[in-house]
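Each residue takes its place number in the sequence, starting with 1. Since the structure is predicted, the reported quantities are computational estimates derived from the model, not experimental observations.
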Amino acid sequence: MKLTRLLGGVLGTLFILGLASCAKNENEFVLGLDDAFPPMGFRNEDNEIVGYDIDLGKEVAKRLGLTFRAQPISWSAKEQELNTGKIDCIWNGLSITPERLAALSFTKPYLNNAQVVIVRANSGIKTLSDLAGKNLGVQAGSSAADAIDGNPAFKKSLKEIFDFGDNLTALGDLEVGGLDGIAMDKVVAEYCLTITKKPFVILDETLAPEQYGVAFKKDNTELRDKVQKALEDMAADGTIAEISKKWFGSDISIVGKL
């Protein structure tokens, strides 16, 4: 299982990095994302990239007079993709952390989130302490991985931590019993439970509360401020509320509410 996962991750990374090498047009607004991160950004049945962040990004690009392009990237190399100019921003449920704030330039938070653990409903696991001696999955390079590192006692209690390229692959392993739990974003976990109807539950305890933001190169404050202004205008005229209701059933955006 480890070898298959490793080979799949390597091939997937090479494919994605190949995609990310596409030349960037000056009149484009290129949004970098993990395209297997529902409901923020993912591929639908027609292989189109859709999602909450995609709808927000498209509307922002329209208001800025730019052509929108969603660019899949290797999530573990997201900062490199941004700093080399292959993408304009990282906009895909990106959690704002002190480390990322030091390296990147962020908009104000636009959505609340938390890092949680999802388990099988019949596992008997009710609390984080119940995961002692168990196997936990996590997306490589994610803030869920950072949350685990930030809780050394919890991390030490685990039997083993398995890195995955995306959460959807990890959920498949959880379903067949290869994992005992997955650490992931609450927003994503709740959406996956609602859409897939799989026999999973989310533990009440959270690893870390956090917020999502849009990240730019550290010195690209001009574009960051334009995007922030567009988001605030969208919140004021009700556009964000409409997009939020489409994906979540209610307006959970925090733009202009802080």
Side-chain angles (χ1 to χ4, degrees), residues 13 16-17 19-22 24 26 28-37 40-41 49 51-54 56-61 63-64 66 68-115 138-150 163 165-167 183-188 207-232 234-235 240 253-256 258:
T13 298
I16 290 172
L17 287 176
L19 288 175
S21 64
C22 297
K24 181 184 174 304
E26 288 185 1
E28 283 186 315
F29 180 68
V30 183
L31 181 155
L33 79 156
D34 161 17
D35 61 353
F37 197 67
M40 313 311 288
I49 299 177
Y52 179 70
D53 285 342
I54 301 302
L56 291 179
K58 283 182 177 179
E59 181 63 23
V60 165
R63 295 186 183 214
L64 296 182
L66 301 172
F68 176 84
R69 174 156 63 93
Q71 179 62 63
I73 59 175
S74 170
W75 197 246
S76 59
K78 53 189 174 294
E79 290 88 355
Q80 180 182 351
E81 298 287 346
L82 181 62
N83 289 323
T84 55
K86 294 177 181 177
I87 58 176
D88 289 306
C89 65
I90 305 168
W91 194 341
N92 190 215
L94 182 66
S95 303
I96 302 172
T97 67
E99 295 77 16
R100 289 172 179 169
L101 280 171
L104 306 169
S105 182
F106 274 88
T107 61
K108 295 177 182 178
Y110 67 92
L111 208 63
N112 287 323
N113 184 48
Q115 292 303 323
V138 67
Q139 183 181 24
S142 67
S143 53
D146 293 338
I148 294 170
D149 289 338
D163 289 339
D166 60 76
N167 287 311
M184 60 194 303
D185 294 57
K186 184 179 181 182
V187 168
V188 178
L207 289 169
E210 59 188 26
Q211 295 177 316
Y212 286 159
V214 186
F216 301 81
K217 288 178 65 174
K218 189 66 174 178
D219 60 355
N220 195 2
T221 56
E222 181 179 358
L223 181 58
R224 178 203 65 189
D225 292 346
K226 288 180 179 179
V227 170
Q228 180 64 45
K229 175 64 164 55
L231 285 172
E232 291 174 0
M234 289 162 59
I240 289 185
S253 168
I254 59 174
V255 177
L258 298 178

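By the side chain to side chain donor-acceptor pair (under 3.5 Å) test, E79 is found to be paired with no residue, residues two or more places apart in sequence or in another chain being considered. Listed by chain and residue number, nothing satisfies the ring pair (Phe, Tyr, Trp, His ring centres under 6.0 Å) test with Y212 (two or more places apart in sequence, or in another chain). For D149, the salt bridge (Lys or Arg N to Asp or Glu O under 4.0 Å) test picks out K155, with sequence neighbours left out. For E210, there are no salt bridge (Lys or Arg N to Asp or Glu O under 4.0 Å) partners, not counting sequence neighbours. For A230, the side-chain contact (heavy atoms from CB on, under 4.5 Å) criterion is met by V60, not counting sequence neighbours. A147 pairs by the side-chain contact (heavy atoms from CB on, under 4.5 Å) definition with Q115, L207, A208, not counting sequence neighbours. Annotation: side-chain contact (heavy atoms from CB on, under 4.5 Å) contacts of K58 (sequence neighbours excluded): I54, F68. Shown here are the side chain to side chain donor-acceptor pair (under 3.5 Å) partners of N92, two or more places apart in sequence or in another chain: there are none. Under the rule for a side chain to side chain donor-acceptor pair (under 3.5 Å), the partners of N112 that lie at least two apart in sequence or sit in another chain are Q211. By the salt bridge (Lys or Arg N to Asp or Glu O under 4.0 Å) test, K226 is found to be paired with E222, residues two or more places apart in sequence or in another chain being considered.
When side chains are defined from C-beta on, D53 does not count as touching F37, because their heavy atoms never get closer than 4.5 Å. When side chains are defined from C-beta on, Q71 does not count as touching E81, because their heavy atoms never get closer than 4.5 Å. Between I240 and E59, every side-chain heavy-atom pair lies at or beyond the 4.5 Å cut-off. By the 4.5 Å heavy-atom criterion applied to side chains, Y52 and V187 are not counted as neighbours. Counting heavy atoms from C-beta outward, R100 and K78 have side chains that approach closer than 4.5 Å. Between V138 and D163 there is a side-chain heavy-atom pair separated by less than 4.5 Å. Between V188 and N113 the shortest side-chain heavy-atom distance does not fall below 4.5 Å. For the pair W75/I90, a side-chain contact is recorded, criterion being any heavy-atom separation below 4.5 Å from C-beta on.
Taking each heavy atom of G93 and Y110 in turn, the nearest pair found is N-OH, 3.7 Å. Contact between A215 and L82 at its shortest, heavy atoms only, is O-CD2, 4.1 Å. Minimum heavy-atom separation, L33 to G41: CD1-CA, 3.9 Å.
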Give the table of side-chain donor-acceptor pairs shorter than 3.5 Å for residues 102-109, with sequence neighbours excluded, one pair per line with atom names and distance.
residue, atom, partner, partner atom, Å
S105, OG, R224, NH1, 3.0
T107, OG1, V214, N, 3.0

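Screening D34, D185, D166 for a side-chain hydrogen bond (donor to acceptor under 3.5 Å, both in side chains) involving Q139 leaves a single residue, D34.
Proximity of a side-chain donor or acceptor of S143 to a complementary backbone N or O of D146 within less than 3.5 Å is not detected. The backbone N or O of L101 lies less than 3.5 Å from a partner atom in the side chain of K218, making a donor-acceptor pair.
The line from CG of L223 to CG of L66 is 7.5 Å long, rounded to the nearest 0.5 Å. Taken to the nearest 0.5 Å, the CZ atom of F29 stands 13.5 Å off from the CZ atom of R63. Interatomic distance, N220 CG to N83 CG, rounded to the nearest 0.5 Å: 10.5 Å. Between the CD1 atom in I87 and the CD atom in E28 there is a gap of 12.5 Å [rounded to 0.5 Å].
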